[in-house]
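Here's the structure we're looking at; comments come further down.
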Amino acid sequence: MISNKEIARILRNVAVCYELTEENPFKIIAYNKAADEIENLNIEAYDLWREGKLKKVPGVGPSIHSHLEEIFKKGKSKHFEEVFSKVPASIFPILELQGVGPKKAYKLVTELHLTNPETAVDDLKKAADEGKIAPLKTFGETSQKDILEAIGFYKRRKGSMQRMPLPYAYKTAQTLMDYLKEIPEVEKIETTGSLRRMVSTIGDIDIAVATRNPEKVVKHFVNYSGKLKLIEQGPSGASIILNNGKQVDLRVCLPQTFGSMLQYFTGSKNHNIHLREYALKKGLSLSEYGIKPLKKLQSFKDPKLQRYNRKLGLYEFQEEKDFYEALGMEWITPELREDRGEIIASINHKLPRLVTIKDIKGDLQIHSSYNLEPSHDLGKNSMEEIAQRAKELDYEYVAYTDHNPGISNHSESKINSIMKRRFNYIEQLKESIKSVRILNMLEVDIVGNGTLSLPNQSFDFVDAVLVGIHSSFEMTRDEMTKRIIKGLSHPKAKILAHPTSRIINQRDPVDADWEKIFKFCRQQGKAVEINAHPNRLDLDSTLIIEGKKIGVKFSLGTDSHDTETMGFMHYGVTFARKGWLTRGDILNCMDYNKLLEWLHR
DNA sequence: GCCGTTTTCGGCCCGACTGTTTTCAGTCG
């Protein structure tokens, strides 16, 4: 089956060919838009097509649909093959290079005779090393040097360069922002881009600054001691590469336009495109500088919302909230700005009241140091210390969810006795700890064939269990789906822990039919976890949205192995918010009695 | 090539920076 990413790549390549063959420019935009839409789908385009729903994807009209249909049926499209045949195949690898687009790639490939797509990048490097790029028309010494650098960057990226996990990006940004704030000219400062939207992994760090002295702020920024390399610098911003290889983009503006600047650079790209399309219908043109009426002066409902800049002919916004309100919309929290229906919801004033960290009444995945000779790692802190920390976090309750005792090195009766001992210990603890309510739970492996690695009798010694996959990640979708559903079928299995079992930058999510699993969970009263650990962040927001549509309950857990990481709950909340969840969708927003009732159902 | 609660035809998001140029094309976000 062809992946969405692969389809998007093909559509973008078609757009590149059209650009080189000077097709209608809007046709090129159309192909790129269709590629964006398909790449951002949270369901396989192939599956949509089989269900006859592919036509409903925005940007996929009759023409693109028919070509894709041909690809799904025959593996290729005659029309696309023809289009590709008009352009040398070597341009596509070259296009991967920073700063090289279709026009430059075409020129390089034809003039330097780079005929082999497999070796095109290496051949290009050789040509650059020999000084053959600089003499080409519209190129020069600088371009040649830039291309060599881009090739170096491309090779490193192919190797180990990865997107940053959210907390790493957050910390890097904080350090840099502290540095920027050293000069008094920085009046306001915020992260923008994917970091402000709290996407699970971050490519570049984006920062916006409000200042009356842009020049000084930009200068201060490019003098940062952690800078490896300057990419570009201008009056309204600059970009640098840090010593750790990560790119940072800075944008500066006057305080009176900070609101529109923040809005613009927070994105996402698709959010902004659709916001602009909506504004345009109202005769308004949006930019990072404000809102410009296209024809005669439009008067906004509340004149206090903005100031009019006569010289530029636009309304300026100090606050982002006012920018959205001037368009007749509610302010949209950055987590939702992924173009998943938030614009319409905002126009209709129907944005959900999203869950916040204050709504969380307990943590539903924590590993203690209580030694039940588990199959996986123990936690570092005792049950008492965990309870103490839960109290500090102002929780009403906390769940101990240690891994089940190992089944390979223990007999069933031995496991039962370990579990009984643990049960008694926790019962005692409940007597001595009154500040926090305690849930006696366990995280149990779903082994390859779908059975749980805990003897049936041992289930008597817990309130409920989380079940999860910790081995045999490579299975077909059907097998994996059956395995997960079978694992969840035990009456005491109430929560599916870290559902896709992905580990960011290390392990891909498992392949399963989530629609089927979510439907099972809704019918059988099971919850799916949003694992707040920053290396997992699992489920991802796209799947949370799917689950919510089906009506599944969610459970937030930090998967902590020490009391320190219990503080990561806010990442879980962030993901719940990105998934449009409200209090009512989440188990740990219930009070203790309600939750216990739910678990014992 | 796509799209529509002002349109089934006539529009399509907006601006910054760089290098190679003498006013702009290409690329990026």
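Chain letters run A, B, ... following the sequence lines, proteins first, then strands; residues in each count from 1.
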Closer than 4.0 Å, any side-chain N/O of [X] to the OP1 or OP2 of [N]?
X	N	answer
A/Thr138	B/dG19	no
A/Tyr289	B/dC14	no
A/Lys103	B/dG26	yes

Check this for me: does any side-chain nitrogen of one of A/Lys155 and A/Asp122 sit under 4.0 Å from a carboxylate oxygen of the other?
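A salt bridge is present here (some side-chain N lies under 4.0 Å from a carboxylate O).
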
I'd like to know if A/Arg12 pairs up with A/Asp36 as an ion pair, taking the criterion as any Lys NZ or Arg NE/NH1/NH2 lying under 4.0 Å from an Asp or Glu carboxylate oxygen.
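So A/Arg12 pairs with A/Asp36 through a salt bridge.
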
In terms of ring plane angle, is the pair A/His67 and A/His79 parallel, tilted or perpendicular, where the classes change at 30° and 60°?
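Because their plane-to-plane angle is under 30°, the rings of A/His67 and A/His79 count as parallel.
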
Go through the N and O atoms of the side chain of A/Asn24 and the base of B/dG1, and report whether any donor-acceptor pair is under 3.5 Å.
yes

Of all the nucleotides listed ([options]), which has the minimum atom distance to the side chain of [X]?
X	options	answer
A/Thr142	B/dT20, B/dG1, B/dT27	B/dT20
A/Asp146	B/dG19, B/dG1, B/dC17	B/dG19
A/Gln98	B/dC12, B/dG29, B/dG1	B/dG29
A/Ser143	B/dC13, B/dC14, B/dT20	B/dT20
A/Glu232	B/dT18, B/dT27, B/dG1	B/dT18

Would you mind classifying the nucleic acid contact of [X] as base, sugar-phosphate or nothing, using non-hydrogen atoms under 4.0 angstrom?
X	result
A/Pro25	nothing
A/Ile29	nothing
A/Ile28	nothing
A/Ser285	sugar-phosphate
A/Lys281	base
A/Leu275	nothing
A/Glu23	nothing
A/Tyr18	sugar-phosphate

Rounded to the nearest angstrom, tell me the gap between atom [atom1] in [X] and atom [atom2] in [N].
X	N	atom1	atom2	value
A/Tyr278	B/dT5	OH	C1'	12 Å
A/Phe26	B/dC2	CZ	C1'	12 Å
A/Phe139	B/dG19	CZ	P	13 Å
A/Lys229	B/dT18	NZ	P	11 Å
A/Ile273	B/dC14	CD1	P	11 Å
A/Lys27	B/dG1	NZ	P	4 Å
A/Leu11	B/dC2	CG	C1'	13 Å
A/Arg251	B/dC17	CZ	C1'	9 Å

Spell out, as yes or no, whether a donor-acceptor pair under 3.5 Å connects the side chain of [X] to the backbone of [Y].
X	Y	answer
A/Glu342	A/Asp339	yes
A/Thr211	A/Glu185	yes
A/Lys321	A/Trp331	no

Reading DNA chain B from 5' onward, which residue's closest nucleotide shows up sooner: A/Glu288 or A/Lys55?
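Going by which nucleotide is closer to the 5' end, it is A/Lys55.
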
Contact nearer the 5' end of DNA chain B, comparing A/Ser63 with A/Tyr264:
A/Ser63

Pairwise [atom1] distance for [N] and [M], with rounding to whole Å:
N	M	atom1	answer
B/dG11	B/dC24	P	24 Å
B/dG4	B/dT20	P	43 Å
B/dG10	B/dT6	C1'	14 Å
B/dT7	B/dC12	C1'	13 Å
B/dG1	B/dT5	C1'	24 Å
B/dC17	B/dT23	C1'	16 Å
B/dT21	B/dA25	P	13 Å

What does B/dT18 pair with, Watson-Crick or G-U, if both distances are under 3.5 Å?
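Checking every strand shown, B/dT18 finds its partner in B/dA25, with both distances under 3.5 Å.
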
Answer yes or no: are there more than 12 heavy-atom neighbours, outside A/Phe568 itself, under 6.0 Å from its atom CZ?
yes

Can you tell me whether the base of B/dT7 sits syn or anti, using the 90° cut around 0 to define syn?
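This nucleotide is in syn.
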
So among A/Val100, A/Leu136, A/Thr138, which one has a side chain to side chain contact (heavy atoms under 4.5 Å, CB included) with A/Lys107?
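Of A/Val100, A/Leu136, A/Thr138, side chain to side chain contact (heavy atoms under 4.5 Å, CB included) with A/Lys107 is met by A/Thr138 alone.
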
